[in-house]
Amino acid sequence: MKKSHKYFPSQRETEEVFLLLRRHWFAYVPFAFIALIMSLPLVFISLYWTNNPEVVAGIVGDVLIMLGASYLLFVVSLLLYGFIDYYLDVDIITDQRIVDIEQNGFFRRKIAELSLNQVEDVAASVNGPFQTLLHFGDIHIQTAGTKPNFVFNSIPHPYRISKIILDLHDADVAKTAAERNKILSGLGEVSDSSLEDKRLATNAPGPDAAVEPAIKRVIKPVSEKLLAGVTHDEAMAKITDKVQLSGEMKEGEAIDLG
Amino acid sequence: MSYLLTIYLIFLIGYALYSAVGIYHLWRFGYVGDLTKPVIVVYCFVSLAVIGFSLFLIAGRNYEFIVSWANHN
């Protein structure tokens with residue numbers, strides 16, 4: 001039996017996930033740095049204790065042990081808090097929409113969705129020396145209508161990702177146009193057997209013939225780009241394992257470019 | 001000393017509740033093959049090591065005290 005797995009609550013059965021993006025690891029560095037600074041006093045206290053064991057004898061030593069352990073656990077819990085805030089912020093790009101999952105602390109989780117055909121413009125920006133050297137930056141997705149714009153912060157390889165989003169948008173537009181043509185031409189009616197017979201007799205291409213090349217023309221280059229080096233070698237190997245050229249994913253696995 | 005230990009145990013209970021909530025989030029919202037599960041393991045290991053080591057130190061110190069007290073009598 002196939003185990004059902006969804007990357008976000010409203011994922012449809014036919015919806016394929018192309019990218020699962022997390023912020024660059026550098027976004028977690030401030031948390032780690034603060035934790036490191038906070039744990040420095042413990043190092044000094046331990047050194048002092050080792051050199052002067054008589055000073056911390058008796059009740060003072062007990063208090064120091066409990067306070068030190070509590071303080072260290074507090075630092076570890078801060079690291080966990082920071083990790084949850086950093087790692088559970090996920091941007092998912094499927095063949096139909098863009099999903100922005102934002103986790104703020106433990107009890108605030110926001111999921112925003114944007115249909116690919118509502119994408120108006122995608123802009124990538126890399127600011128500062130760290131972003132330039134480590135290849136990460138922000139992606140701004142301008143939406144049609146009154147919907148708020150999407151901003152993905154500290155995403156690895158923002159230029160390539162923005163191009164992929166635009167390609168998927170083009171594919172979605174082509175697919176929608178082809179489906180509209182299919183409906184308008186009436187070839188999509190299964191009950192209309194006379195039209196279908198006529199098409200078969202004249203060897204004319206079927207309704208899907210208009211749709212498939214339009215999608216494949218766009219989707220296939222997207223997949224090839226993914227395989228051609230969106231990220232470093234290890235991630236490439238990971239993607240090669242997990243994504244087939246048709247853009248299909250294995251059940252229950254994620255492409256993580258972070 | 002018993003007051004101190006009580007306060008420390010209350011802190012540990014609060015820490016355990018906090019950790020349970022954090023681990024639940026990682027377990028619930030993580031994906032297959034990502035870093036959430038290893039982080040849960042590392043976090044539990046580090047927390048238990050710190051708690052265990054602190055209790056070991058406290059117990060060791062009290063043991064020394066009891067021995068010295070027994071020797072004087």
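Order of the sequence lines fixes the chain letters, A, B, ..., with proteins taken first and strands second; residue numbering starts at 1 for each chain. Fair warning: this is a prediction, and the values are worked out from it, not measured in the lab.
Ranked by heavy-atom pairs under 4.5 Å with chain B, the first of A:Leu79, A:Val63, A:Leu67, A:Val76 is A:Val76. Ranked by non-hydrogen atom pairs under 4.5 Å with chain B, the options A:Ser70, A:Ala69, A:Gly68 are led by A:Ser70.
Here the CZ-CD1 distance, from B:Phe56 to A:Ile65, works out to 10.5 Å after rounding to the nearest 0.5 Å. Atoms CG and CG, from B:Leu57 and A:Leu64 in turn, are 11.5 Å apart once rounded to the nearest 0.5 Å. For the atom pair A:Asp85 CG and B:His25 NE2, the distance stands at 11.0 Å (nearest 0.5 Å).
The contact between B:Leu12 and chain A is made entirely by side chain atoms (from C-beta outward), counting heavy-atom distances below 4.5 Å. Contacts between B:Phe11 and chain A at a heavy-atom distance below 4.5 Å involve the side chain alone, from C-beta outward. The contact between A:Phe83 and chain B is made entirely by side chain atoms (from C-beta outward), counting heavy-atom distances below 4.5 Å.
A pairwise comparison of heavy atoms in A:Ile84 and B:Gly22 identifies CD1-O, 3.4 Å as the closest pair. For the pair A:Ser77 and B:Tyr15, the tightest heavy-atom approach, listed with the atom from each and the gap, is CB-CE1, 3.8 Å. Pairing each heavy atom of A:Tyr87 with each of B:Leu35, the nearest pair is OH-N, 3.0 Å.
Aromatic ring centres of A:Phe106 and B:Tyr18: separated by under 6.0 Å.
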The test is side-chain contact (heavy atoms from CB on, under 4.5 Å); show your working for A:Leu73 and B:Val46 and say whether it passes.
CA-CA 9 Å; A:Leu73 289 174; B:Val46 170; over 6 Å; no
Run B:Leu26 and A:Leu80 through side-chain contact (heavy atoms from CB on, under 4.5 Å) and show every step you take.
CA-CA 10 Å; B:Leu26 287 178; A:Leu80 178 75; 3.8 Å; yes
Decide yes or no on side-chain contact (heavy atoms from CB on, under 4.5 Å) for B:Leu5 and A:Met66, but give the supporting numbers first.
CA-CA 8 Å; B:Leu5 267 177; A:Met66 285 181 218; 3.9 Å; yes
Pair A:Asp62-B:Tyr8, side-chain contact (heavy atoms from CB on, under 4.5 Å): steps then yes or no
CA-CA 11 Å; A:Asp62 291 336; B:Tyr8 186 51; over 6 Å; no
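With a 6.0 Å radius and a threshold of 12 heavy atoms from other residues, nucleotides or ligands, A:Phe74 has its CZ atom at or below the threshold.
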